[in-house]
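Below: the structure, in structure tokens.
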2 protein chains.
Amino acid sequence: MQSIFHDIYKHPLLPEADLQSIMHLHKQVNFNKGDIILKSGCIANEYYLLETGLVKAFVINYNEDEITTGFFTDGEIIISPPSLFQHTPSQETLQAVTDCVTWKIVFEDFQQLYHNLPGFREWGRVWFSQQLFSLKQRSLDMITETATNRYLKLIKEKPQVIQNVPLKQIATYLGVTDTSLSRIRKDIIKTAG
Amino acid sequence: MQSIFHDIYKHPLLPEADLQSIMHLHKQVNFNKGDIILKSGCIANEYYLLETGLVKAFVINYNEDEITTGFFTDGEIIISPPSLFQHTPSQETLQAVTDCVTWKIVFEDFQQLYHNLPGFREWGRVWFSQQLFSLKQRSLDMITETATNRYLKLIKEKPQVIQNVPLKQIATYLGVTDTSLSRIRKDIIKTAG
DNA sequence: TTTAATTCTTGCCAAATGGCAAGTTTGCTT
DNA sequence: AAGCAAACTTGCCATTTGGCAAGAATTAAA
């Protein structure tokens, strides 16, 4: 059986028996398009494995504008690590872009696993490292890649985003205006086919 | 006694006794200005607490240009988490900008602490969360803040950098050319003083 | 101290992006 | 199906940033 749990909690030191314990602490939770999963200012007490659907993260700047800060696609964990692990108000809001099927685990249960299963905390550390790598890569891309390349990369890595998220919100994620992104899109079509 | 260890390994669940164990697994290592601490392509097997000094991280792009990806200042941990925790070749090179006094701990010893001291792994998780927060903030700044503001922020947060790092390397970190940063600097002087 | 190399500044012009507003398309609601 | 609102495109022009190259300033070396 290949499940979302096997996909996400994948680590050489996590035996199948442990995986069963882990699975049993997750409860299915479904979200509808537009639902707020974590509100800015609130303190997270859980995270969610995203089985199907698309979720966005955003912040509101001083000018009341919404700035998209990330996307979660299926097979990823919907979470605000600083809020959950430092018990601080979340900076970001997490919102379902489409209907979502997720599996929720609360902090207390996570904590049990973390301290009781060595393989689980090994997995956790790898997960954190991967997150850091991705974020570092994103910062680097903001510096070294053109807006066009960043858009192409997003298409490649998360095509669901282009299908489901308004251009304006994609634009803030890429760091350009919606006007520019519209032109970028046009140029790509002209160039590539 | 207020030491670098107390500063860095600060967590409510880390008693003084544990801190002593932790301290004993660190060995002092000094670097000279220009020394390579971790070379791109190599796999890290340790990290370093930076007591005094300044370290930079950089990558080389397709065009042989050096792109600065980060700075480590005193009280921070010099590390490439993906390389150390996933045993993969480092993307970044870490290099001493000034002479440095550091305290080194190797992976094997870290591993002992991580699995034997619950407070230590609690600390580790918080550390990771903070790193993620900082990096997320940096990505956001790249989008929402002007180059001028990013420069002012760097002055405020890590003034040592401005004193010790060539303008060109600061420029790649901020995502502008050295020409532009030079002009930004001029405007700041004109405006503020 | 003199030379040489690096670092930094500046002028000129090109290229990229932004801001605004009008117009078009799309999709939803009644 | 008609009307409406949201999403997207496009033209015009201003602003920002980049690229190049020359020159000034600083630093290090001989």
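Below, chain A is the first sequence line, B the second, and so on; all start at residue 1.
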Starting from Ile60(B), walk the hydrophobic network (Ile, Leu, Val, Met, Phe, Trp, Tyr; side-chain heavy atoms closer than 4.5 Å) and list everyone else you reach, by chain and number. Phe58(B)
Can you list everything that forms a ring-ring contact (aromatic ring centres under 6.0 Å, His included) with His87(B)? Sequence neighbours excluded, please. Phe107(B)
Can you name the residues that form a side-chain contact (heavy atoms from CB on, under 4.5 Å) with Thr98(A), not counting sequence neighbours? Leu54(A), Cys100(A), Asn164(A)
Just the table, please: protein N/O against nucleotides 24-26 of chain C N/O, every pair under 3.5 Å.
none

Heavy-atom contacts, protein to nucleotides 24-30 of chain D, under 4.0 Å, summarised as B (base), S (sugar-phosphate only) or - (none) per nt, yield -------
For Phe71(B), the ring-ring contact (aromatic ring centres under 6.0 Å, His included) test, sequence neighbours excluded, returns Tyr173(B)
With clusters built from Ile, Leu, Val, Met, Phe, Trp and Tyr whose side-chain heavy atoms come within less than 4.5 Å, directly or transitively, what are the remaining members of the cluster of Met142(A), listed by chain and number? Val59(A), Ile67(A), Leu140(A), Ile143(A), Val59(B), Ile67(B), Leu140(B), Met142(B), Ile143(B)
His26(B) meets the ring-ring contact (aromatic ring centres under 6.0 Å, His included) criterion, sequence neighbours left out, with Phe5(B), Tyr9(B)
When you look for runs of 3 or more Watson-Crick or G-U pairs in a row, both distances below 3.5 Å, which of them include DNA chain C? C:1-30 with D:1-30
Expected output is a numbered-order residue list: members of residues 138-172 of chain A with a heavy atom under 4.0 Å from any atom of DNA chain C. What is it? none
Quiz: residues 32-44 of chain B side-chain donor-acceptor pairs under 3.5 angstrom, not counting sequence neighbours:
unit_1: Asp35(B); atom_1: OD2; unit_2: Asn32(B); atom_2: N; d: 2.8
unit_1: Ser40(B); atom_1: OG; unit_2: Gln91(B); atom_2: O; d: 3.3

Going by the angle between their ring planes, with limits at 30° and 60°, are Phe110(A) and Phe85(A) parallel, tilted or perpendicular? tilted
Using a strict heavy-atom distance below 4.0 Å, which residues from residues 173-183 of chain B are in contact with DNA chain C? Thr179(B), Ser182(B), Arg183(B)
